[in-house]
Each structure stands twice: as structure tokens, then as C-alpha cells.
Number of protein chains: 2
Amino acid sequence: MLIAMSEESAAGRPYHHGDLRRALLSAAATAIEESGPAGLSLRDLARRAGVSHAAPAHHFGDKAGLLTAFATEGFETLADTLARVRQESGGSLLELGVGYVTFAVRHRAHFEVMFRPELFHRDDAGLAAAQQRARAALRAGVAGLPAAPVGPEAARTELAAWSIVHGFATLWLGGALRPDQVGDDPEAAARLVIGRLFASPG
Amino acid sequence: MLIAMSEESAAGRPYHHGDLRRALLSAAATAIEESGPAGLSLRDLARRAGVSHAAPAHHFGDKAGLLTAFATEGFETLADTLARVRQESGGSLLELGVGYVTFAVRHRAHFEVMFRPELFHRDDAGLAAAQQRARAALRAGVAGLPAAPVGPEAARTELAAWSIVHGFATLWLGGALRPDQVGDDPEAAARLVIGRLFASPG
DNA sequence: GCAGGTATCTTGTCGATGGCAAGATATGCT
DNA sequence: AGCATATCTTGCCATCGACAAGATACCTGC
């Protein structure tokens with residue numbers, strides 16, 4: 001519950017590792033980027049953090065618990081990213097979509113876990129709250145359009161926007177898009193694709 | 001190499017199981033629908049098929065080999081589905097997109113493996129051929145539009161269409177869409193969403 | 001400052017899994 | 001009929017997730 005970051009963290013290894021929970025989540029990102037969520041092993045994370053094989057269970061209960069925390073972290077980062085983009089771009093839905101893709105590419109490991117509910121505890125309260133935050137950020141992007149749709153049309157627009165950016169991100173991460181066809185810059189490619197759906201007002 | 005479907009298959013169990021390869025692929029679909037690709041176990045498949053735990057390895061080499069065959073099967077079915085839809089709908093890109101979503105929902109297990117290259121051998125020749133077939137079916141849908149785009153614009157349209165249907169299917173399968181917001185009929189919801197991108201010419 | 005309580009981590013174990021090796025058995029070709 | 005081969009079985013090992021029990025360091029209350 002408290003942050004036990006003493007001066008020891010600078011010198012030797014902090015006591016009882018000091019911040020194992022964070023270290024494990026960080027190691028998980030690296031491991032998932034290397035081998036995907038299916039190849040993740042709690043024992044491998046423990047080795048990366050330099051602790052015994054059973055240490056992770058204390059912080060997360062089980063493997064799904066760790067991935068629940070990992071997904072929650074992802075949804076929070078996504079919500080923050082979208083909020084910041086909306087601020088900086090003046091409410092452009094195009095830029096919001098590009099921000100979504102940017103998040104997926106830069107936080108590939110998180111993104112790959114976030115939408116795979118069989119990997120984590122989908123009824124976790126913190127997770128649901130983070131999901132709501134991210135969802136609200138997306139909705140605000142649609143609601144803030146100059147010619148903002150209302151009612152069912154708004155929901156449809158939101159879902160269409162979400163679908164196209166989510167689909168592009170997923171296809172990109174899955175390696176389904178040949179570099180010689182879409183280039184090697186995911187943001188530029190995303191901008192062209194999303195532009196096919198919405199003309200940028202900003 | 002040959003189909004050993006003798007008259008025994010009707011009476012008792014066919015000898016040496018008869019068609020274990022097919023039985024394992026079929027069992028894999030059921031198992032993946034139940035627990036996702038990550039929870040798949042070769043030993044569980046062997047139990048479902050009534051053979052010893054090492055039997056699957058003979059047909060597929062390893063787990064990734066089985067999933068390679070499984071993904072190939074998926075791409076072939078997808079290509080067939082898209083070709084049939086294009087025939088029946090008279091070349092409507094909207095209906096082609098709906099067909100993509102229908103495939104994903106009705107062959108959920110296949111779809112969940114097909115775009116996760118870390119699960120299979122991505123350099124497999126048969127897999128690549130099946131991917132090409134499916135990809136060509138999608139491209140033909142764009143090329144057959146009444147006002148068919150050409151050059152880079154065609155590629156952009158193709159990618160936008162693929163992204164929006166793939167994204168919608170992925171979000172639907174991942175349970176990210178609340179039934180009270182999009183209903184419980186994926187095809188109807190997909191039609192509305194895709195319609196946001198392309199007006200149906202058919 | 002110290003003693004009890006607690007959070008954190010370790011060690012040991014169990015059942016299950018993937019993969020490999022070696023052997024058994026049926027099939028088909030000659 | 002006999003032999004080569006495809007198919008399947010048995011046995012084994014390293015690894016994994018989960019659990020139980022114990023050790024260690026911290027922290028609170030006095």
C-alpha cells in the first residue's frame with residue numbers, strides 16, 4: 001500500500017526488492033513483446049526480476065491476476081493518451097484515431113492483452129473503471145466534432161471510428177500488412193486510412 | 001497423402017482412427033471456442049480424439065504446426081466465403097464486409113488464430129497460399145465497385161474496408177461491445193457500421 | 001528500543017503440458 | 001507372402017502454474 005522507495009534503491013538492491021510489483025509488470029511488457037501473451041510465464045518474470053518462482057503470486061494471485069493489472073495499466077495509459085491528443089489537436093477525430101494507433105504500436109504488449117478477456121479477470125473493478133475511462137475519452141472525441149452526431153447516429157459513428165482504428169492497429173501488429181504496400185510508418189498509414197472515413201475538421 | 005476412409009468408418013472406429021488429422025483439427029475448433037487459443041492443449045485434443053498423447057505430433061510436428069494447419073483452413077474458408085458472397089450479392093462491398101464479420105463470428109476459433117502469427121509457422125507455404133487467396137477475394141471486392149478506385153486510392157480503400165470490418169469483428173469477439181448498445185445481432189450491427197464507410201451500390 | 005504482527009519472499013511439492021525417443025502395430029506395395 | 005512405411009503408443013524429461021509451509025525483513029504500538 002505504501003511506496004517503499006528508500007535510499008537503498010540507489011545503492012544496492014532495495015530490500016525485499018522494494019518494488020517487485022512494478023518490476024514484474026515492466027518485465028511482462030518486455031516478455032510479451034518478445035513472445036506474445038500466450039508465451040508469458042510467471043516463472044520467467046520472476047527470473048527477470050531476480051526473485052523466486054513463487055514471488056509473483058503474492059502480488060497478483062495468479063497469472064490472470066497479473067494480466068488483469070497489466071490490462072488495467074494499458075487502459076489507463078490509453079485513456080491518458082487519448083485525452084492528451086484531444087487536447088493538443090483541438091478535438092480532431094482523425095488525430096484521435098491516429099493516437100489510438102500510436103498507442104497500440106508503442107505499447108504493443110498492453111494492447112495485445114487488453115482486448116483478450118480470456119487472459120484476465122474481466123470482473124475486476126479497477127479494470128472496469130479504466131475501461132470506462134478509455135471508452136469515455138473516445139466518446140468525447142466524437143461528441144466534440146464540429147458537426148457532432150446525436151443519438152443513435154453518434155453511437156454508430158463512435159463504433160465505426162473505433163472499429164477502423166482498432167482494425168488497422170490489429171492488422172498492423174499482426175504483421176498482416178505488407179510494408180511494400182503500406183510503408184513502414186504506422187501513423188502515416190493510419191492517417192490515410194482513417195481519412196477515408198472522416199475528413200479532418202482540424 | 002491418401003484418404004483412408006474405408007467402410008469401417010460407418011461401423012466401429014476406423015482403424016488407426018482413420019482420419020485423426022481431421023478429427024484433431026475439428027477438436028481444436030471446439031477447444032479454442034471454449035478456452036481460447038492460449039488454453040489449447042495437444043494432450044486435450046488427443047483425449048478428445050481418443051488417442052494417445054503423442055499422436056498429434058505425428059501429424060503436425062508440434063503445436064505450432066497444428067495451428068498452422070488450423071489457420072490455413074481458416075483462410076481457405078474465408079476465401080470461399082468471400083467469393084460466394086461476392087457472387088450472391090452482385091459485388092456489393094458492404095455485403096462483402098458483412099460476410100467477413102459473419103465468417104469471424106461463425107468460425108470464431110479459426111479467426112482468433114489466423115491473425116496471431118506468433119502461434120503458428122508463418123513461413124508455411126500452404127498457409128501463405130491460403131492467405132493470398134483470401135486477400136485476393138477482398139481485393140476483388142474493391143476492384144468490382146461501380147466507381148472502382150485505381151492505383152494508390154484502391155489500396156487505401158481496400159485497407160480502410162479491411163480495417164473497419166476486421167476491427168468490428170475483433171471488438172465483437174472480444175466482448176468489448178455492450179449488447180445494450182449494439183444489439184445482439186453482429187451482422188445487423190456490422191451493416192450499420194460498415195454503411196458509415198461505404199454506401200451500398202447493390 | 002523492543003516485541004508482536006504483518007507483508008514480502010523462499011523452498012518444496014504436485015499435476016499437467018510440450019516435445020523427444022524408442023518401440024509396437026497396421027497398411028499397402030511389390 | 002513379405003517388407004517398407006505410415007500411424008500410433010509408451011515412457012521420459014524439463015517447464016509451468018498453483019498451492020502449502022516456512023523464513024525473513026519491516027512496521028506499529030508501547
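In what follows, chains carry the letters A, B, and so on, assigned in the order in which the sequence lines appear, proteins first and then strands, with residues in each chain numbered from 1.
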Nucleotide C/dG18, atom C1' - distance to CG of B/L45 in whole Å:
12 Å
Between C/dT8 (P) and A/F60 (CZ): distance, integer Å
11 Å
Please pick, from D/dC19, C/dT8, D/dT7, the nucleotide with the shortest atom-to-atom distance to any side-chain atom of A/H58.
C/dT8
Can I get a per-line list of side-chain donor-acceptor pairs under 3.5 Å for residues 48-61 of chain B, giving both atom names and the distance, sequence neighbours left out?
from, atom 1, to, atom 2, distance (Å)
B/R48, NE, B/D44, OD2, 2.8
B/R48, NH2, B/E34, OE1, 2.9
B/R48, NH2, B/D44, OD2, 3.3

Can a salt bridge be assigned to the pair B/R196 and A/E153 using a cut-off of 4.0 Å between side-chain N and carboxylate O?
yes
Answer with base, sugar-phosphate or nothing: what part of the nucleic acid does A/A55 contact at a heavy-atom distance below 4.0 Å?
base
I'd like a table of atom pairs between the protein and nucleotides 12-16 of chain D - only N or O on both sides, under 3.5 Å - with the distance next to each one.
from, atom 1, to, atom 2, distance (Å)
D/dC16, OP1, A/R47, NH2, 3.2
D/dC16, OP2, A/R47, NH1, 3.4
D/dC16, OP2, A/R47, NH2, 3.4

To the nearest angstrom, the CZ-C1' distance between A/R21 and C/dA7 comes to 14 Å
A/R86 side chain to A/A137 main-chain N or O, any donor-acceptor pair under 3.5 Å?
no
Under 30°, 30 to 60°, or over 60°: which ring-plane class applies to A/H110 and A/F70, parallel, tilted or perpendicular?
parallel
Tell me the salt bridge (Lys or Arg N to Asp or Glu O under 4.0 Å) pairs involving residues 58-78 of chain B, sequence neighbours left out?
B/R22-B/E73
Among the nucleotides C/dT10, D/dT9, D/dT7, whichever has the atom closest to the side chain of B/H59 is D/dT7
How are the rings of A/H166 and A/F111 set relative to one another: parallel (under 30°), tilted (30 to 60°) or perpendicular (over 60°)?
tilted
